[in-house]
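Start at 1 and go down the list; that is how both ligands and their atoms are numbered. Note that this is a predicted model, so its numbers are computed, not measured.
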Amino acid sequence: MCGIFGIITNQDTISVGNIVFEGIKRLEYRGYDSCGIVSLSNSKLYLKKDSGKIDEIQRKINLAEIPNNSKLALAHTRWATHGAPTKINSHPHLDCHNKIAVVHNGIIENFLELRKELTQNGHIFRSETDTEVIPHLIESQMKKGLNFKDSVIESLKLLKGAYGLAVCQVDNPNSIIVARKESPLVIGIDEGKTTYCASDIPAFLPLTKKCYIMDDDELAILKAGEVEFINLLTNEKVKKELRTIEWSIDAAEKGGYEHFMLKEIYEEPTAIRRTLKISKEQLKIFANILWSAENIYITAAGTSFYASLAGKFILTKFLGKYIQAIECSEFQTQLTNSLKKDSVIIAVSQSGETIDTVEAIRWARSYKDVKILTITNVVGSTLTRYSDNVIVTQAGPEIGVAATKTYSTQVLTLALVALEIAKLRKVELESDIVKYERALRSTPQIIENFLKNNIDLIKGIVDTLDKSAQFFFLARGISIATAKEGGLKLKEVACRFIEGYSAAHAKHGPISLVRAGFPIIFIAPPDETYQRLIGNVMEFKARGGKIISLVVESDNVIAELSDLTIKIPQPGDKYHNIFSPITFIPALQLLAYYASLLHGLDPDKPLNLSKTVTVH
Ligand code: M6R
């Protein structure tokens, strides 16, 4: 995944260099191994790029300084796929004569053959990237006499793969051409004055709240304060809805917190309260479809997959049907011969752009007559286009690469659907359903209370575990999802090796690693698995393991057995226990966050990771 940003304006009073620099910085979460800016003025392209994080490059070559009279600029922040993260491979990429510049997010699958052909025709390539074929293709189309727009259109026809791209050309200083296929692209507009393009809305949110969301196979011609859309399949103009973005830039920026990850953990109560307001109609649609389904699958990647595991547990309880959870990358492989028509597939994805999730759903749709129910945090994302019904979680923009508030809102959404099913099926007493609803509605307050009183405790635990490089996160039942997700956070942002596992299963192998002081985090709400979990705690304690437990306030059994205890301020009844994946997770997210700081890492930019994985 990479980030692209572009601006074209007719205003003399604004500093294009600063705007494009700030814009691309707001997209740094999408990739941060190199960055570049190209600006156009006096019929010439001015290119600045280098490898490294944006601030480092800024210090080195002052990216934001571009010619004063520039009214057009494109920028890119890269997460390397083809070619190492070097200066030469960073974007923008130019044609042979430095007249065309391209920034691109996605992968051009047939770039090798295109590159070979272009090279044979005399084009000189400077980088190892797939992207560089694009300016050369446009160059060769323009050489044939086509105008800028038609050259881009003809070039796009030759590309196989995914792109969100923006192009400028020196003889066309009044336009930027952008196009989208399977990689996100949004257009912001200050009508009559300035137009922006970006991979994500926060990039231009401080500048305008008006935007268009591009669809696949669309091209747009951006002029200062105006935009025209063309459908690349029909070659016809498209009229698109101008949307007003409701969230403020504060929601997308750090707002006083040291890191996005911390800010987003603190935003969980608000995100949950907003998501609790999802319309009953939408929940009922999901509930009815699931109630009448014969075969149900749930699929996702990473954190969204762990949210799915927790959600599947809650859904199964109230639905009384088996739901198979399959990682999206395995979906097609595992179901090629067994996916039945009339199946219902729940796809969960924060971004709605994860390629493996999108592909699983695309495959399922084309292969069988199935229904797709999607839960995502991003309106209009690719996944939503392949879905029969969509619920958008109300987490707001999540910038930290490590998913936090989107996890809790995903679990919450699945829980809300589950309670709707409970009402339909009437297998639970009405008074019980009311109690479950009340418990679910109390989750934001529980998290708020926890955040208010436990930061020093978490920091203290992190200090105590300073030297530990390996951890187990163990649990039973629904809490296995919490163990896996809590462990994933520590792995991602603090670079510790962890195994998130079933506590019962752990004695079939993993326990052999335990020596004196080996840290084991037990997630232990007092549900039906609690008594047996006590036995597991004893097994690990007997081998010298350092026991850290996550329990409810009133716990005094596992807490007593533990070296360190984190108490979640919630009742220990069945109504609350089932929603513990939501209320217990902030403690583990914070543990990971402070461990990351202790080890001198940047929790917002975990090594080798990208917010949205758009490669297989
Ligand atoms: O956007 P998605 O929810 O589809 O993303 C799935 C995973 O890539 C994502 O959850 C990843 O595991 C995060 N880095 C977790 O913090």
Side-chain angles (χ1 to χ4, degrees), residues 1 29-32 79 105 182-184 199-200 259-262 264-265 268 271 298-311 325-331 345-362 372 374-384 386-387 390-393 395-411 413-414 473 481-482 484-496 498 500 585-586 588-593 595-596 601-616:
M1 182 177 78
Y29 71 91
R30 300 180 64 87
Y32 32 80
W79 185 67
N105 170 33
E182 293 170 25
S183 288
S199 302
D200 199 356
H259 295 98
F260 283 114
M261 183 177 177
L262 187 62
E264 286 158 6
I265 295 170
E268 281 181 76
I298 190 161
T299 192
T303 290
S304 297
F305 184 69
Y306 298 143
S308 303
L309 291 184
I326 305 185
E327 286 164 27
C328 52
S329 48
E330 292 300 313
F331 198 81
I345 303 161
I346 308 171
V348 183
S349 171
Q350 180 282 128
S351 61
E353 302 289 346
T354 298
I355 192 75
D356 287 334
T357 315
V358 172
E359 283 217 333
I361 292 314
R362 234 195 260 140
I372 313 293
T374 284
I375 294 175
T376 181
N377 194 40
V378 180
V379 185
S381 54
T382 302
L383 200 51
T384 63
Y386 301 106
S387 308
V390 177
I391 293 181
V392 179
T393 51
E398 187 178 69
I399 309 296
V401 168
T404 51
K405 59 179 178 167
T406 54
Y407 173 81
S408 24
T409 52
Q410 287 168 342
V411 180
T413 305
L414 289 162
F473 280 61
T482 315
K484 286 185 181 286
E485 173 55 13
L488 177 66
K489 289 289 90 83
L490 192 63
K491 203 181 270 177
E492 277 182 298
V493 304
C495 284
R496 308 285 95 186
I498 73 97
I585 201 64
L588 299 179
Q589 294 165 342
L590 283 170
L591 205 74
Y593 173 77
S596 171
L601 299 164
D602 180 348
D604 283 342
K605 298 191 185 94
L607 218 59
N608 302 328
L609 290 182
S610 143
K611 181 74 181 157
T612 307
V613 180
T614 49
V615 287
H616 300 285

Which residues pass the salt bridge (charged side-chain N to carboxylate O under 4.0 Å, His left out) test with Lys484, sequence neighbours left out? none
We want to know whether Thr382 and Glu353 form a side-chain donor-acceptor pair, criterion being a heavy-atom distance below 3.5 angstrom. yes
Given side chains that start at C-beta, do those of Leu414 and Ile375 come closer than 4.5 Å, heavy atoms only? yes
Heavy-atom contacts with ligand 1 below 4.0 Å: which residues, ordered by chain and residue number? Ala301, Gly302, Thr303, Ser304, Ser349, Gln350, Ser351, Thr354, Val401, Ala402, Ala403, Lys489, Glu492
Output, in order, the C-alpha distance, side-chain angles, deciding distance and verdict of side-chain contact (heavy atoms from CB on, under 4.5 Å) for Leu590 and Ile265. CA-CA 8 Å; Leu590 283 170; Ile265 295 170; 4.1 Å; yes
Which residues satisfy the ring-ring contact (aromatic ring centres under 6.0 Å, His included) test with Tyr407, sequence neighbours excluded? none
Who passes salt bridge (charged side-chain N to carboxylate O under 4.0 Å, His left out) against Glu268, sequence neighbours left out? none
